Structure formats: structure tokens, C-alpha cells
Amino acid sequence: MLSPNTIAIIKSTVPVLEVHGTAITRRFYQRLFEAYPELLNLFNQANQKQERQQAALANAVYAAALHIDKLETILPTVRHIAHKHRSLGVTADQYAVVGENLLAAMSDVLGEAATEEILQAWAEAYGIIAGVFIEVEAELYRQAEEVEGGWAGHREFKVERKISESEQVTSFYLTPSDGGQLPVFLPGQYISIKLSIPGEKHTHIRQYSLSDAPGKPYYRITVKREDGISGNPAGKVSNYLHRDVKEGDTLLLSAPAGSFTLKAEDSRPIVLISNGIGLTPMLSMLEALAGEGRDREVFFIHATRCHDDHVQYDRVQELLEGGSKLTVCWSYSELNGGMKQSHALQKQIKPGRIDSDWLREFIPSAGASYYFCGSVPFMREVYQALKAFGVSDEDINYEFFGPAGDLTESEAKPSVGTVT
Ligand SMILES: Cc1cc2nc3c(=O)[nH]c(=O)nc-3n(C[C@H](O)[C@H](O)[C@H](O)COP(=O)(O)OP(=O)(O)OC[C@H]3O[C@@H](n4cnc5c(N)ncnc54)[C@H](O)[C@@H]3O)c2cc1C
Ligand code: HEM
């Protein structure tokens, strides 16, 4: 329990964190990697270079300070982060190392403004916050190991099949090398792959959503090859998987994780919206909903550049023809030559980008649950459109394919329909 005085001191630092939060977390990671270079094996360095992880950590610290007297308010955020930590293999003893460097970074950045009293209060508060994470993660580790077919740490999987889905996207069908059982996962969950790439100093860990329904004798992931654009380097893991990993090779996977999942108890209509590779968790959800044969109304909107880039188009058409209460719309920003011109298809296509007015016409703007995933600008526009319709945050579910960003920020660039 924190004393009222400590709580008051932490709250007094909220405006400072609002301004200097990212400077503190930037300094924190510099210190952390200098003191513990082995942690470069754990953290995604592309997220560091783009400062996405620094921003996500700053937001989390800010939210914790703001709600320090009622941490249960941020429990959904804690659970989201804890799932990621568990899939990465973060351990309880690493919290002390993070705490020590976070406090030192506060002191470095804030200078004399970080008085002994403030640092002491933050040391206490960090202990409480870390305690909440450690407890939630302990439970997630226990569940991952104890569920039927479950495992701790990393398990070796064989690439059973490698199927090209489009010029840039490939699916991998993975089965456990030990021939054992696979745990059932929740549609929307992901696994982490840990790779040692020949010639690279550190291991690389990346998350991939499971793109087929649970209950199959394999896990399927569907990976977009990230080409280097605008002078940035090509994506390390996605290119390695596309180029070097062959059928018969093995990969190390952590057990399924993630809180972006269908809520079993909810029978209201469900709206799924994705763009680009953000399609993958939606595919799993669609397959699961179709498999359950439940009478639940489903609206699915997917935005991609053109028909040639469209992943799993035929499979979704099959689901559509399967008689479930499914309504589908494809949004193509380029209506190009590869597209079949049938009348039925035309009715299903929204040429150009999705906008808020069109969305309001196509989906129920109340009384449903909403799930979306895709590029950050796309997600921002979908989120802001849903909020403008009056949808409450409890009904809005989303997944970032990277450290969480801020969806409430306004975005100057035209963005809906931007493809991941
Ligand atoms: C929960 C979750 C689920 C996901 N599911 C999927 C999925 O189903 N399918 C899928 O394809 N992906 C998915 N992802 C994304 C995936 O984890 C990887 O981030 C993605 O494959 C890119 O990894 P990479 O190693 O190829 O690229 P990285 O090497 O990590 O690079 C990522 C990007 O950063 C840029 N970059 C790298 N270095 C720099 C630099 N120095 N300066 C500026 N830019 C730089 C690269 O150009 C590239 O665009 C998911 C992510 C999460 C968090
Ligand atoms: C209270 C302490 C901590 C907080 C508030 C915190 C917060 C966060 C946040 C906000 C993210 C981004 C998650 C997302 O948006 O998906 C994250 C990811 C991560 N965290 Fe933590 N974390 C803490 C402790 C730790 C510890 C002790 C470790 C282990 C050294 C750790 C390692 C990681 C790693 C490796 C990632 C993924 C980074 C990436 O993908 O770039 N964290 N954490």
C-alpha cells in the first residue's frame, strides 16, 4: 500500500511525464542496453529505431502514474502487456533491473527536478506496479503450461507447408516436432517466433497472429514480407522466413498469447475491420465463427490495394457462400486488371478508400462489438469513426502489429485505406 503522501507525489509528476515521458524512456533503453547488452536478444531493435517502444513504455508509465491510487483502471492495459511479456519470456527477476534503470533515467532527464523525495516515491510506486505485472504474468505462465498440450518457453515446430498467398504474403503451416498435442487458442491470439539468423549477433523475436481456426492439427501464420521502403532496411524476420525458411525446417515458438480475442459470452453482431496484413487475426475469428455455426451476425470489411494482393479471398468467399449470417465488403484502393468483373463481386467492392460516412452506412453503428487491426493510420481513422458514432470503449477491440500507439491523436495525412 502506498501512503497518501507517496500517491500525492506520484500524481504531482504526471504533468512532467506528459512532457518528458519519451525522453525518459529513450534514456532508459540506452542505459538498459549499455548495462545489460544481452537484453538486445529480447527487444525488437526496429521498434527501438522507430521509437515505437519508447513511446509505448512512456504511455504505460504515464497511465500508471495517473491511476496510481486505482491501478485496477489500467488492468486491461496491464493484461495486454503481460500477454506480450509472457510470449517473450520476460521473468520476474528482470523487473528489478528495469526499475533501477527507469529511476536512473528519470534522474538523468529531470536533473534537479527529480528530488530525493520524488525518486523515493517512484521507487515505491514502481514496486507496486511491477508487483501487479509479476502477478498477472505468473498466472499467464501457469495457464500456458498447464493447458492441455501447453508448454513453457519455446517449443520446436516443423514447417509442414509453406504456401504463397500473394506476391508479398506467405502462410506457414507449423506442427510440433515432438508430435505432441497443440493447445486450443482463442481466435485473435498470436505466437512469438524466436530466430537465430546466421551472421546476426542477436536473436530476433517477432509476433505472428494465428490465422486459422483453433482446433486444427497445425498452427498457421501468415507473414507479409516487409520490403525496405523510403531508404529503411528490409524487415529482418519476415524476409528470412520468406527467403530462407523451407518446408521441413524448424522454428521456435512460444505458446499462444494475447487479449485481442472474441468474447465467448457476447452474442451481439460482430464487426471485423482490417487492412493489409491486419487481416490475419480476422481470418482466425471468421473461421472460428463459421465453425461454431452460430447464428451470429458478422460484418467483415477488408481494405487492400487490389485484388492481386488479396490474401485468402477464395476462402472468405466460400465462408460467404456457406450460408452463415456474414456480410463482406472488400475495399480496393486500386481497381486493377487482375480483378474478376462478375456482378456479384462488383456489389461487394468498395472502390477507393473507406471513409467514415461509408462505414456508418455499412455497419451497425450501435449494439455490436467491433474488432479492427491494420496499419496505425488506418486503425486511428476506424477508432475515431467508431467513437464519432458513439460506440463505447468497452465494445471496441483492436490489435497493433507492434508496440501500442495512440489512436486518439489526429492524423494530418490522408490515411484510411493505407495498407500495412
Ligand atoms: C500481436 C502481433 C501480431 C502480428 N501478426 C502478424 C501477422 O499475422 N503477419 C505479419 O506479417 N506480421 C505480423 N506482426 C508483425 C510482425 O511481428 C513483425 O513486426 C513484422 O513481420 C516485421 O518484422 P521484420 O523482422 O520483418 O521487420 P523489422 O526488421 O522488425 O523491421 C520492421 C520495420 O521497421 C523498419 N526499420 C527497420 N530498421 C529501421 C531503421 N533503422 N530505421 C527506420 N525503420 C527501420 C523496416 O523497414 C520495417 O518496415 C504482428 C505483430 C504483433 C505485435
Ligand atoms: C513495470 C514495468 C514494465 C512496464 C510498464 C512495461 C511496459 C511495456 C509496454 C507498454 C510494452 C509494449 C507492449 C505492446 O504495446 O504490445 C512492453 C513490451 C516489452 N517489454 Fe515491457 N514493461 C515492463 C517491464 C519489462 C521487463 C522487466 C522486461 C524484461 C527485461 C520487459 C521487456 C519487454 C519487451 C522485450 C517488450 C517487447 C518490445 C518490442 O517488441 O519492441 N518489460 N513493455
Side-chain angles (χ1 to χ4, degrees), residues 25 28-29 32-33 36 38-65 74 77-78 80-102 125-134 137 165 168-172 188-193 195 197 204-211 220-242 257-260 274 276-284 311 373 399-405 420:
T25 55
F28 158 73
Y29 283 114
L32 190 72
F33 297 137
Y36 301 93
E38 65 277 17
L39 289 178
L40 291 166
N41 290 303
L42 189 63
F43 283 87
N44 177 330
Q45 290 308 303
N47 290 340
Q48 292 288 324
K49 294 274 164 31
Q50 295 170 98
E51 301 217 323
R52 289 184 72 182
Q53 180 57 25
Q54 290 87 334
L57 180 60
N59 283 340
V61 172
Y62 173 82
I74 60 162
T77 306
V78 171
H80 164 84
I81 300 168
H83 271 277
K84 181 79 75 69
H85 283 165
R86 202 240 74 214
S87 89
L88 289 154
V90 168
T91 53
D93 58 305
Q94 289 172 322
Y95 276 85
V97 164
V98 163
E100 168 203 319
N101 285 282
L102 197 54
Y126 178 82
I128 299 282
I129 297 163
V132 174
F133 275 93
I134 290 169
E137 284 162 26
E165 302 275 7
Q168 263 189 306
V169 176
T170 298
S171 283
F172 298 78
Q189 288 194 307
Y190 58 84
I191 49 82
S192 284
I193 290 191
L195 268 190
I197 300 182
H204 299 281
I205 305 181
R206 299 291 184 270
Q207 290 72 45
Y208 292 100
S209 302
L210 294 161
S211 65
R220 185 181 71 191
I221 58 166
T222 301
V223 180
K224 180 187 170 205
R225 189 189 68 236
E226 293 293 344
D227 298 329
I229 48 169
S230 315
N232 292 323
K236 283 207 190 294
V237 170
S238 60
N239 277 277
Y240 184 78
L241 289 171
H242 273 250
S259 52
F260 176 66
S274 57
I277 197 61
L279 171 78
T280 54
M282 306 307 173
L283 286 174
S284 180
V311 169
C373 181
E399 182 81 287
F400 282 94
F401 275 6
T420 46

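Counting starts at 1 for both ligands and their atoms, in listed order. Quantities reported herein were computed from a predicted structural model and do not represent experimental measurements.
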Exercise. For ligand 1, which atoms have a heavy atom of Ala46 less than 4.0 angstrom away?
Worked result: 28 (P), 30 (O), 31 (O), 32 (C), 34 (O), 37 (C)

Exercise. When the aromatic ring centroids of Tyr208 and Phe172 are compared, is their separation below 6.0 Å?
Worked result: no

Exercise. Which ligand 1 atoms are under 4.0 Å away from a heavy-atom of Ile277?
Worked result: 9 (N), 10 (C), 11 (O)

Exercise. Is there a donor-acceptor contact under 3.5 Å from the side chain of Tyr190 to the main chain of Lys84?
Worked result: yes

Exercise. If you count the atoms of ligand 1 from 1 in the order shown, which ones are under 4.0 Å from a heavy atom of Lys49?
Worked result: 40 (C), 41 (N)

For this session: Among all protein heavy atoms, pick out the one at the shortest distance from atom 11 (O) of ligand 1; state its residue, atom name and that distance to 0.1 Å.
Result: Lys224 N, 2.8 Å

Problem set entry | Side chain Ser238, main chain Glu226, donor-acceptor under 3.5 Å | yes

Seminar exercise, completed: CG (Leu88) and CZ (Arg206) are apart, to the nearest 0.5 Å, by 10.5 Å

Exercise. Minimum heavy-atom separation for Val98 to Phe28, with atom names?
Worked result: O-CE1, 3.4 Å

Seminar exercise, completed: min-distance protein heavy atom vs atom 43 (C) of ligand 1 -> Asn232 OD1, 3.2 Å

For this session: Identify, for atom 37 (C) of ligand 2, the protein heavy atom at the shortest distance, and state residue, atom and that distance.
Result: Leu88 CD1, 3.5 Å

Problem set entry | For Gly258 against His83, the heavy-atom pair lying closest together | N-ND1, 2.8 Å

For this session: Output the distance between atom CD1 (Ile134) and atom CD1 (Ile129), rounded to the nearest 0.5 Å.
Result: 11.5 Å

Exercise. Short question: side chain of Asn59, backbone of Ala56 - any donor-acceptor pair under 3.5 Å?
Worked result: no

For this session: Could you say whether the N/O atoms of Gln94 and ligand 2 ever approach to under 3.5 Å?
Result: no

For this session: Compute the minimum heavy-atom distance from Tyr240 to ligand 1 and say whether it is under 4.0 Å.
Result: no

For this session: Quick one: look up the protein heavy atom nearest atom 39 (C) of ligand 2 and list residue, atom name and how far away it is.
Result: Asn47 ND2, 3.5 Å

Exercise. Are any of the N/O atoms in Thr91 less than 3.5 Å from those in ligand 2?
Worked result: no

For this session: Can you spot which of Lys49, Gln50, Gln54 makes a side-chain contact (heavy atoms from CB on, under 4.5 Å) with Arg52?
Result: Gln50

For this session: Starting at OG of Ser284, measure out to CZ of Arg220 and round the result to the nearest 0.5 Å.
Result: 8.5 Å

For this session: Pick whichever of Gln50, Gln207, Gln168, Glu226 has a heavy atom sitting closest to atom 33 (C) of ligand 1.
Result: Gln50

Exercise. At what distance is the nearest protein heavy atom to atom 27 (O) of ligand 1, and which residue and atom is it?
Worked result: Gly235 CA, 3.1 Å

For this session: Number the atoms of ligand 2 from 1 as they appear, then name those within less than 4.0 Å of a heavy atom of Pro403, with their elements.
Result: 14 (C), 15 (O)

For this session: Write out the residue and atom name of the closest protein heavy atom to atom 15 (O) of ligand 2, then the distance separating them to 0.1 Å.
Result: Ala404 N, 2.6 Å

Exercise. Which option out of Lys236, Arg206, His80 puts a heavy atom nearest to atom 30 (O) of ligand 1?
Worked result: Arg206

Problem set entry | Derivation and outcome, side-chain contact (heavy atoms from CB on, under 4.5 Å), residues Tyr95 and His85 | CA-CA 11 Å; Tyr95 276 85; His85 283 165; 3.1 Å; yes

Exercise. Do you know which of His242, Glu165, Lys224, Arg225 makes side-chain hydrogen bond (donor to acceptor under 3.5 Å, both in side chains) with Thr170?
Worked result: His242

Exercise. Roughly how far apart are Glu51 CD and Thr25 OG1, rounded to 0.5 Å?
Worked result: 8.0 Å

Exercise. What protein heavy atom sits nearest atom 53 (C) of ligand 1, and how far away is it?
Worked result: Gly402 N, 3.3 Å

Problem set entry | Non-hydrogen atom of Ile221 closer than 4.0 Å to ligand 1 | no

For this session: Determine, step by step, whether Glu399 and Gln189 satisfy the side-chain contact (heavy atoms from CB on, under 4.5 Å) criterion, reporting the C-alpha distance in whole Å, the side-chain angles of both residues, the deciding distance to 0.1 Å, and the verdict.
Result: CA-CA 10 Å; Glu399 182 81 287; Gln189 288 194 307; over 6 Å; no

For this session: Determine, considering heavy atoms only, which of Tyr190, Phe401, Phe400 sits nearest to atom 51 (C) of ligand 1.
Result: Phe401

Problem set entry | Identity and distance of the protein heavy atom lying nearest atom 3 (C) of ligand 2 | Tyr95 CE2, 4.1 Å

Problem set entry | Derivation and outcome, side-chain contact (heavy atoms from CB on, under 4.5 Å), residues Gln48 and Phe33 | CA-CA 11 Å; Gln48 292 288 324; Phe33 297 137; 3.7 Å; yes

For this session: Calculate, to the nearest 0.5 Å, the distance between atoms OH and CD belonging to Tyr29 and Gln45 respectively.
Result: 10.0 Å

For this session: Check each of Arg206, Arg52, Gln207, Gln53 against atom 11 (C) of ligand 2 and report the one with the nearest heavy atom.
Result: Gln53

For this session: Please confirm whether Thr222 comes within less than 3.5 Å of ligand 1 when only nitrogen or oxygen atoms on both sides are compared.
Result: yes

Exercise. Under 4.0 Å from any heavy atom of Phe133, which atoms of ligand 2 are there?
Worked result: 1 (C), 5 (C)

Problem set entry | Within-shell test, Tyr126 vs ligand 2, heavy atom, strictly < 4.0 Å | yes

Exercise. In terms of residue, atom name and distance, what is the protein heavy atom nearest to atom 26 (O) of ligand 1?
Worked result: Ser238 OG, 2.5 Å

Seminar exercise, completed: Near Thr280 (heavy-atom distance under 4.0 Å), the atoms of ligand 1 are 7 (C), 8 (O)

Problem set entry | Side-chain donor or acceptor of Asp227 paired with backbone N/O of Ile229 under 3.5 Å | no

For this session: Could you tell me whether His80 approaches ligand 2 through its side chain, its backbone, both or neither, with non-hydrogen atoms closer than 4.0 Å?
Result: side chain

For this session: Run the numbers for me: atoms of ligand 1, each under 4.0 Å from some heavy atom of Glu399, listed by number.
Result: 1 (C)

Problem set entry | Heavy atom of the protein closest to atom 34 (C) of ligand 2 (residue, atom name, distance) | Phe43 CE2, 3.4 Å

For this session: Just need the protein heavy atom nearest to atom 20 (C) of ligand 1, so name the residue and atom and give the distance.
Result: Tyr208 OH, 3.8 Å

Exercise. Looking only at heavy atoms, which two atoms of Gln94 and Gly89 are closest? And how far apart?
Worked result: OE1-O, 4.3 Å

Problem set entry | Any N/O pair Ile229/ligand 1 closer than 3.5 Å | no

For this session: Show all protein N/O/S atoms under 2.8 Å from atom 21 (Fe) of ligand 2, or state that there are none.
Result: His85 NE2

For this session: Could you walk me through whether Thr222 and Leu279 pass side-chain contact (heavy atoms from CB on, under 4.5 Å), step by step?
Result: CA-CA 9 Å; Thr222 301; Leu279 171 78; over 6 Å; no

Problem set entry | Flag side-chain contact, heavy atom, 4.5 Å: Phe43 against Leu32 | yes

Seminar exercise, completed: the protein heavy atom lying closest to atom 46 (C) of ligand 1 turns out to be Pro233 O, 3.1 Å

Exercise. What is the distance from atom CD1 of Ile193 to atom NE2 of His204, rounded to the nearest 0.5 Å?
Worked result: 13.0 Å

